[in-house]
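Quick notes on the structure that follows.
In this chain, numbering begins with 1 at the start of the sequence shown. We count ligands from 1, going down the list as the structure has it; atoms in each ligand are counted the same way. Only a predicted model underlies this, so the values are computations on that prediction, with no experimental measurement involved.
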Amino acid sequence: MLALVTGASKGIGRAIALELAKNNFDVAINFNRSEEPAKELCSEIKALGRKAEIFKADVSDYEQVAELFKKIKESFGESVSVLVNNAGVTRDTLLMRMKPEDWQTVINTNLNAAFYCTREAIRDMAKARFGRIINIASVVGLTGNAGQANYAASKAGIIGFTKSVAREYANRGITANAIAPGFIETDMTAVLKPEVKDGILNSIPLGSIGKPEDVAKAAAFFASETSSYITGQVLAVDGGMTMI
Ligand code: NAI
């Protein structure tokens, strides 16, 4: 069975791609800029005995997404059964300093891309009467966060999107769930100042920063048969940070 992970060359996406391969999925690896790490990941997955290919595409561009799905089908000879909408960016700043392009870039990448990819994936999933949509949201989409109005809006949006897709396609054997990571150690959070990191750490009941693998295990659960009676849910992987 074939899984597509967007923005998979590093961080959480990379960990998800590897975990899915370990769980016997073949993997289409989408990347936008970093080709070398994508190639390395591809070799790692092949070494696990699974099929893997890399596909360059900016998922915030609808034309490129349509082309991406065409190429994946040609290359693997099958369509995507598990879609992980993971690609994401931040453009953090206070509202008064937030430029329209900071807003648009974040919404285009974190929210519109999930719509584009899901729209392309869903027809074949509906035909097959099977599909798994896994959207990577954020706890910030549940709680909001000063300095992240654009990012929080995109992640709250993806949660509403997930629930709507879950309702619309439940009768075709397709589930849609969201994962809301808390504070995970990746390049995205590496830019935060030490005092900000310490503040966040103090708010995590389990007392440590999460690893990409923690999120990957939740994604593998939603991709698996084990979760077939679960849809439209948001699972926080955050060390207990939110609990709502
Ligand atoms: P990261 O910056 O390490 O990885 C993001 C990936 O998305 C990169 O590979 C990047 O090239 C790719 N990407 C960005 N724009 C793209 C585009 N237009 N087309 C294709 N690929 C694109 O960040 P990280 O932490 O691994 O983030 C993964 C997801 O997890 C994101 O959706 C992020 O919002 C979410 N998340 C991360 C948290 C954290 O603490 N690191 C917390 C909550 C959510």
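- Put simply, no part of R33 is less than 4.0 Å from ligand 1, judged by heavy atoms.
- A heavy-atom separation below 4.0 Å is not found between N110 and ligand 1.
- In terms of protein heavy-atom proximity, atom 15 (N) of ligand 1 is closest to T109 CG2, 3.4 Å.
- In this structure, a donor-acceptor pair under 3.5 Å is present between the side chains of D92 and Q148.
- Counting atoms of ligand 1 from 1 in the listed order, those under 4.0 Å from a heavy atom of I136 are 29 (C), 30 (O), 35 (C).
- Scanning the protein heavy atoms around atom 27 (O) of ligand 1, the nearest turns out to be M188 CE, 4.0 Å.
- Judged purely by distance below 3.5 Å, without hydrogens or angles, the side chains of D102 and T93 never pair a donor atom with an acceptor atom.
- For ligand 1 and S9, the ligand atoms under 4.0 Å from any heavy atom of the residue are 9 (O).
- With respect to the salt-bridge test (charged N to carboxylate O, under 4.0 angstrom), the residues D58 and R33 do not qualify.
- Distance check for atom 10 (C) of ligand 1: every protein heavy atom is found at 4.0 Å or beyond.
- Here the heavy atom of the protein found nearest to atom 24 (P) of ligand 1 is T186 OG1, 3.6 Å.
- Taking a cutoff of 4.0 Å between a charged side-chain nitrogen and a carboxylate oxygen, E36 and K39 qualify as a salt bridge.
- Put simply, part of A57 is less than 4.0 Å from ligand 1, judged by heavy atoms.
- Nearest to atom 22 (C) of ligand 1 among the protein's heavy atoms is A87 CB, 3.6 Å.
- Close approach of ligand 1 to F183 is summarised as follows: ligand atoms under 4.0 Å from at least one heavy atom of the residue are 40 (O).
- The closest protein non-hydrogen atom to atom 33 (C) of ligand 1 is Y151 OH, 3.4 Å.
- For ligand 1, the atoms sitting less than 4.0 Å from at least one non-hydrogen atom of T189 are 39 (C), 40 (O), 41 (N), numbered in the order shown with element in parentheses.
- Distance from atom 43 (C) of ligand 1 to its nearest protein heavy atom, with residue and atom name: P181 O, 3.4 Å.
- The protein non-hydrogen atom at the shortest distance from atom 42 (C) of ligand 1 is G182 O, 3.0 Å.
- Both I122 and F69 are members of a single hydrophobic cluster when ILVMFWY side chains are connected at heavy-atom separations under 4.5 Å.
- The hydrophobic cluster containing Y151 does not contain L142, counting ILVMFWY residues as joined when their side-chain heavy atoms lie under 4.5 angstrom apart, directly or transitively.
- S60 and N108 share no donor-acceptor pair across their side chains, judged by distance under 3.5 Å alone.
- Checking Q64 against Y116 by side-chain atom types alone, no donor-acceptor pair falls below 3.5 Å.
- In this structure, D58 has a heavy atom closer than 4.0 Å to ligand 1.
- Taking every non-hydrogen atom of V89 and a distance limit under 4.0 Å, the qualifying atoms of ligand 1 come out as 14 (C), 15 (N).
- Each of the atoms 1 (P), 2 (O), 3 (O), 8 (C), 9 (O) of ligand 1 lies under 4.0 Å from some heavy atom of K10.
- For ligand 1, the atoms sitting less than 4.0 Å from at least one non-hydrogen atom of V59 are 17 (C), 18 (N), 19 (N), 20 (C), numbered in the order shown with element in parentheses.
- For the 3.5 Å distance criterion, the side chains of T162 and N135 qualify, holding a donor opposite an acceptor.
- Using 4.0 Å as the threshold, A137 has a heavy atom nearer than that to some atom of ligand 1.
- Using a 4.0 angstrom heavy-atom cutoff, E185 does not count as in contact with ligand 1.
- Short contacts between ligand 1 and G11, defined as distances under 4.0 Å to a heavy atom of the residue, involve ligand atoms 3 (O), 26 (O).
- Checking only distances, G13 never comes within under 3.5 Å of ligand 1, N or O to N or O.
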